[in-house]
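First comes the structure, then the notes that go with it.
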Amino acid sequence: MRKIIIAIDGPAGAGKTSTAKLLATKLKYIYIDTGAMYRAVTLAYLNSKTELNNENLAKTISNISIELKPSDNGQITLLNGTDVSEEIRSVLVNQYVSPVSANEHVRKKLVDIQRKLGERKCCVMDGRDIGTIVFPNAELKIFLTASLEERTKRRWLEYNKQAGVNNLSFDEVSEQISSRDKYDSSRAVSPLYMADDAIKIDNSNITLEQQVEIIYNLAIDIIGN
Ligand code: CDP
């Protein structure tokens with residue numbers, strides 16, 4: 001059986017994390033949520049209560065440790081040894097994560113960690129630049145997307161489950177998602193775009209299970225039975 005890397009990229013709220021988690025379980029592969037790593041750096045930056053600039057971000061990134069550990073729910077994110085899995089999904093982190101992620105120091109450190117994590121292959125990694133920058137030779141690349149309305153609905157429901165944190169209207173959530181997409185797609189370092197050899201899946205009208213099945217079958221074709 002071939003050992004492969006599966007890269008799943010796409011815009012905010014496209015369902016990359018849920019898809020990657022289920023797919024990894026089905027394949028008995030490890031799952032790596034690179035967005036969680038950028039979110040953890042963002043939380044560390046917010047905790048530093050400093051101005052958002054290159055120097056402060058360089059300081060933040062050089063002083064922290066970020067780990068992803070498998071758990072019953074898929075994965076937990078540790079920042080300096082503390083579990084921050086819930087905090088990194090807050091509205092505030094969502095507001096700051098794109099500018100923090102556009103920083104070259106932040107990207108360099110996290111891409112190095114991600115490449116190490118994927119060294120042994122057998123992993124499903126999701127993010128924005130996995131098939132283009134982190135693993136341009138990944139054996140299977142998926143670009144997952146959905147309409148803005150559908151992606152807003154999903155994020156809206158997710159926020160509503162987090163008691164007390166959501167005071168944004170549906171339109172505000174939509175605006176947040178589309179401005180994050182614009183920021184991520186137009187930044188100078190590792191912008192979000194679809195790799196030439198990626199397979200695009202629009203999941204606006206299919207279920208999570210259906211799309212996992214589609215990607216699973218594509219993976220099995222490469223891995224062998
Ligand atoms: O869950 P959602 O799609 O909203 O976002 P995420 O995957 O958790 O990523 C959060 C943010 O981290 C993105 O909007 C990007 O700014 C950044 N990110 C990145 O720049 N590169 C990656 N490989 C993953 C995330």
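Order of listing sets the numbers, starting from 1, for every ligand and every atom in it.
No hydrogens or angles considered: nothing links the side chains of E150 and S204 as a donor-acceptor pair under 3.5 Å.
Within the structure, salt bridge (Lys or Arg N to Asp or Glu O under 4.0 Å) contacts touching residues 188-202 (residues at least two apart or in different chains) are K141-D197. Applying the salt bridge (Lys or Arg N to Asp or Glu O under 4.0 Å) test to pairs two or more places apart or on separate chains, those with a residue in residues 33-51 are D33-R89.
As a member of the Ile/Leu/Val/Met/Phe/Trp/Tyr network built from side-chain separations under 4.5 Å, F143 groups with L192, M194.
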Are there any N/O pairs under 3.5 Å between ligand 1 and the protein, and if so, what are their distances?
unit_1: ligand 1; atom_1: 1 (O); unit_2: R155; atom_2: NH2; d: 3.2
unit_1: ligand 1; atom_1: 3 (O); unit_2: G13; atom_2: N; d: 3.2
unit_1: ligand 1; atom_1: 3 (O); unit_2: K16; atom_2: NZ; d: 2.9
unit_1: ligand 1; atom_1: 3 (O); unit_2: R128; atom_2: NH2; d: 3.3
unit_1: ligand 1; atom_1: 4 (O); unit_2: R39; atom_2: NH2; d: 3.4
unit_1: ligand 1; atom_1: 4 (O); unit_2: R155; atom_2: NH1; d: 2.7
unit_1: ligand 1; atom_1: 4 (O); unit_2: R155; atom_2: NH2; d: 3.2
unit_1: ligand 1; atom_1: 4 (O); unit_2: R180; atom_2: NH1; d: 3.4
unit_1: ligand 1; atom_1: 4 (O); unit_2: R180; atom_2: NH2; d: 2.8
unit_1: ligand 1; atom_1: 5 (O); unit_2: R39; atom_2: NH2; d: 3.4
unit_1: ligand 1; atom_1: 5 (O); unit_2: R128; atom_2: NH2; d: 3.2
unit_1: ligand 1; atom_1: 7 (O); unit_2: R128; atom_2: NH1; d: 3.1
unit_1: ligand 1; atom_1: 8 (O); unit_2: R39; atom_2: NE; d: 2.6
unit_1: ligand 1; atom_1: 8 (O); unit_2: R39; atom_2: NH2; d: 3.4
unit_1: ligand 1; atom_1: 14 (O); unit_2: R128; atom_2: NH2; d: 3.2
unit_1: ligand 1; atom_1: 14 (O); unit_2: R180; atom_2: NH1; d: 2.6
unit_1: ligand 1; atom_1: 14 (O); unit_2: D184; atom_2: OD2; d: 2.7
unit_1: ligand 1; atom_1: 16 (O); unit_2: S98; atom_2: OG; d: 3.4
unit_1: ligand 1; atom_1: 16 (O); unit_2: D184; atom_2: OD1; d: 2.7
unit_1: ligand 1; atom_1: 16 (O); unit_2: D184; atom_2: OD2; d: 3.3
unit_1: ligand 1; atom_1: 20 (O); unit_2: R107; atom_2: NH1; d: 2.8
unit_1: ligand 1; atom_1: 20 (O); unit_2: R107; atom_2: NH2; d: 3.3
unit_1: ligand 1; atom_1: 20 (O); unit_2: R187; atom_2: NH1; d: 2.8
unit_1: ligand 1; atom_1: 20 (O); unit_2: R187; atom_2: NH2; d: 3.0
unit_1: ligand 1; atom_1: 21 (N); unit_2: R107; atom_2: NH2; d: 2.9
unit_1: ligand 1; atom_1: 23 (N); unit_2: T34; atom_2: OG1; d: 3.0
unit_1: ligand 1; atom_1: 23 (N); unit_2: R128; atom_2: N; d: 3.1
unit_1: ligand 1; atom_1: 23 (N); unit_2: D129; atom_2: OD1; d: 2.8

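Under 4.0 Å is where a charged nitrogen must lie from a carboxylate oxygen, and between K108 and D112 at least one such pair does. The existence of a salt bridge linking R128 and D184 is confirmed by a sub-4.0 Å separation between a basic side-chain nitrogen and an acidic carboxylate oxygen.
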